[in-house]
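Since the structure comes first, as structure tokens, the remarks are kept for the end.
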Amino acid sequence: MTIDWWTLGLQTVNAAILIWLLARFLFRPVSEIIAKRQALAHADLDAAEAAKQAAEAEHEAAVAARAEISARRAALLDAAQADAEREKARLKEQAQAEIAEHRRRAEAALARAEADRRKELDEQAGYLAADIAERLLRRLPDAARTVGFIDGLVVAVSELPAAVRDRLGSDGPVPVRAARVLLPEERATLEARLAETLGRSVPLEIREDPELIAGLELDATNAIVRNHFRADLSRITAELTRHD
């Protein structure tokens, strides 16, 4: 078999040219396209991974935010519950204080009412005692309604200041009230005793006043001297009905 080296060489050259042409105009562009597509694929994968990581981060942030919100809500609920408990305790304490104050005022009012009632009863008892005493004193014998009162009246006059005693009778008769009309001898005794005490005689204007019950009262312009049961009963009644 005869080998046509020329032909073979030409074929080899043609094959080499074909390979060069294919590599230059087919394989290289295809490789570049594949490389670009691989780069785009890697970029898409990187973007997808970044998006995934971002989504996971957002999810974690959302979970953390929900947890924080839940914690804040729980804290607010606890604070509101605590405030409600404190307000409840305050209102309860305030109500108890108001009840205690109302009770204190009611007890004070009852105590005042009781004290007023006791004072009223004491006053009524004092007036009743004075009334009973007056009724009993009015049963004294008629003679006893002046006997024994002259000396007391004269002693009271002697205890007046000297200037007052000196003026007695200087402007006219000295008014004297008596529980009953004085007998002549009683009038004479009263005038003599007053003259002895004052060192001079003084004219007397004596009139009857049954309201005195028993006794005498000298009612001059510058002095009043009482020695009768009405004055005594008035003092006793005032003492019995006095509220300290």
What donor-acceptor contacts under 3.5 angstrom involve side-chain atoms of residues 216-224, with partners at least two apart or in another chain?
{"residue": "Glu217", "atom": "OE1", "partner": "Arg177", "partner atom": "NH2", "Å": "3.0"}
{"residue": "Glu217", "atom": "OE1", "partner": "Arg226", "partner atom": "NE", "Å": "3.3"}
{"residue": "Glu217", "atom": "OE1", "partner": "His228", "partner atom": "NE2", "Å": "2.7"}
{"residue": "Glu217", "atom": "OE2", "partner": "Arg177", "partner atom": "NH2", "Å": "2.7"}
{"residue": "Thr221", "atom": "OG1", "partner": "Asp171", "partner atom": "OD2", "Å": "3.2"}
{"residue": "Asn222", "atom": "ND2", "partner": "Val164", "partner atom": "O", "Å": "3.3"}

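Screening Val157, Leu160, Asp166 against Leu198 for a side-chain contact (heavy atoms from CB on, under 4.5 Å) leaves a single residue, Val157.
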Legend entry - Intermediate values then yes/no, side chain to side chain contact (heavy atoms under 4.5 Å, CB included), Glu60 and Val63: CA-CA 5 Å; Glu60 291 176 358; Val63 171; 5.5 Å; no

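We find the OG1-CG distance between Thr189 and Asp151 to be 9.0 Å, quoted to the nearest 0.5 Å. Rounded to the nearest 0.5 Å, atoms CD1 (Ile99) and CD (Gln94) are 11.0 Å apart. Here the CZ-CD distance, from Arg73 to Glu68, works out to 15.0 Å after rounding to the nearest 0.5 Å. The CD atom of Glu239 sits 9.5 Å away from atom CD1 of Ile236, with the distance rounded to the nearest 0.5 Å. Distance check, rounded to the nearest 0.5 Å: CG of Leu76 to CZ of Arg72 gives 9.0 Å. A distance of 11.5 Å separates OG1 of Thr146 from CG of Leu212, quoted to the nearest 0.5 Å.
Put simply, the side chain of Arg165 gets close to the backbone of Ser158: a donor and an acceptor are under 3.5 Å apart.
Here the shortest heavy-atom pairing between Gly169 and Val174 reads N-CG2, 3.5 Å. In terms of heavy-atom proximity, Ala179 sits nearest to Arg145 at O-NH2, 3.2 Å. Heavy atoms only, all atoms of each residue included: Leu204 and Arg187 are closest at O-NH2, 3.0 Å.
A salt bridge links Arg90 with Glu87; the closest basic N to acidic carboxylate O contact falls under 4.0 Å. With salt bridges taken as basic N to acidic carboxylate O contacts below 4.0 Å, one links Glu101 and Arg104.
By the 4.5 Å heavy-atom criterion applied to side chains, Arg200 and Leu168 are counted as neighbours. Using a 4.5 Å heavy-atom threshold, the side chains of Glu107 and Arg103 count as touching. Between Leu190 and Ile206, the closest side-chain pair of non-hydrogen atoms falls below 4.5 Å.
A ring pair (Phe, Tyr, Trp, His ring centres under 6.0 Å) check over residues 65-112, counting only residues at least two apart or in different chains, returns nothing. Residue pairs satisfying the ring pair (Phe, Tyr, Trp, His ring centres under 6.0 Å) criterion with at least one member in residues 149-190, sequence neighbours excluded, are listed as follows: Phe149-Phe229.
Under a cut-off of 6.0 angstrom, the local environment of CZ in Arg193 is crowded, with over 12 non-hydrogen atoms contributed by other residues, nucleotides or ligands.
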